[in-house]
Amino acid sequence: RTFAAVESTVEETRRLEQQGSTVIEASQRVATRVDDVTRAAIEHAGQARELVRKTGEMVRLARDASEKVEVALQLRNLEAARAEVMQSLRNLEKRAPAPEQFEEANTALVVLAKT
């Protein structure tokens, strides 16, 4: 009977050792997977930082472009107003300009001053 109990204990020990080995292998696989996920998360965080940096750069470029467009539009409007004043002044240089031509010149000067 003692011999049977010892054999039973030895068998139970082997079974527990096998289960322990299985648990160790599963734990190692989990640890490897955690390492992989951690590396991927670190990589994604780096990519996210790069995207934030690029987005900030794009915002700055868009703002600069918008300012340049605004300046170009102001210059175009100013040039158009100046051309209108010059045309009005040429009309006044003619012999006997009409009163409407004086009004056009005054209007053109007001537009130029406001531009």
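No hydrogens, no waters, no symmetry mates; every other heavy atom, side chains included, goes into these values.
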**Fill in**
For A108 and E84 the tightest heavy-atom approach is CB-CG, 3.8 Å
**Message:** Any carboxylate oxygen within less than 4.0 angstrom of a Lys/Arg side-chain nitrogen, looking at E79 and R82?
**Reply:** yes
**Request:** Flag the pair V110 / N106 as yes when at least one side-chain heavy-atom distance between them is below 4.5 Å, and no otherwise.
**Result:** no
**Item:** Transitive ILVMFWY side-chain link V111 to L89, under 4.5 Å
**Value:** no
**Separation between CZ of R90 and CD of Q101, rounded to the nearest 0.5 Å** = 13.0 Å
**Request:** Compare all side-chain heavy atoms of E50 with those of Q47 and state whether any distance is below 4.5 angstrom.
**Result:** no
**Prompt:** Where is the tightest heavy-atom contact between L92 and P97, given as atom of each residue plus distance?
**Reply:** O-CG, 3.5 Å
**Request:** Working to the nearest 0.5 Å, report the span between NZ of K114 and CG of L112.
**Result:** 12.0 Å
**Message:** Could you check whether any side-chain N or O of T9 sits under 3.5 Å from a backbone N or O of A5, counting only pairs where one atom can act as donor and the other as acceptor?
**Reply:** yes
**Request:** Mark yes when over 12 heavy atoms from residues, nucleotides or ligands other than R15 sit less than 6.0 Å from its CZ; otherwise mark no.
**Result:** yes
**Asked** Would you call E17-R14 a salt bridge at under 4.0 Å N-O?
**Response** no
Give every donor-acceptor pair under 3.5 Å between a side-chain atom in residues 58-76 and any protein atom, sequence neighbours left out.
| unit_1 | atom_1 | unit_2 | atom_2 | d |
| --- | --- | --- | --- | --- |
| R60 | NH1 | D64 | OD2 | 3.4 |

**Message:** Within the structure provided, determine whether E25 and R29 are in side-chain contact (heavy-atom separation under 4.5 Å).
**Reply:** yes
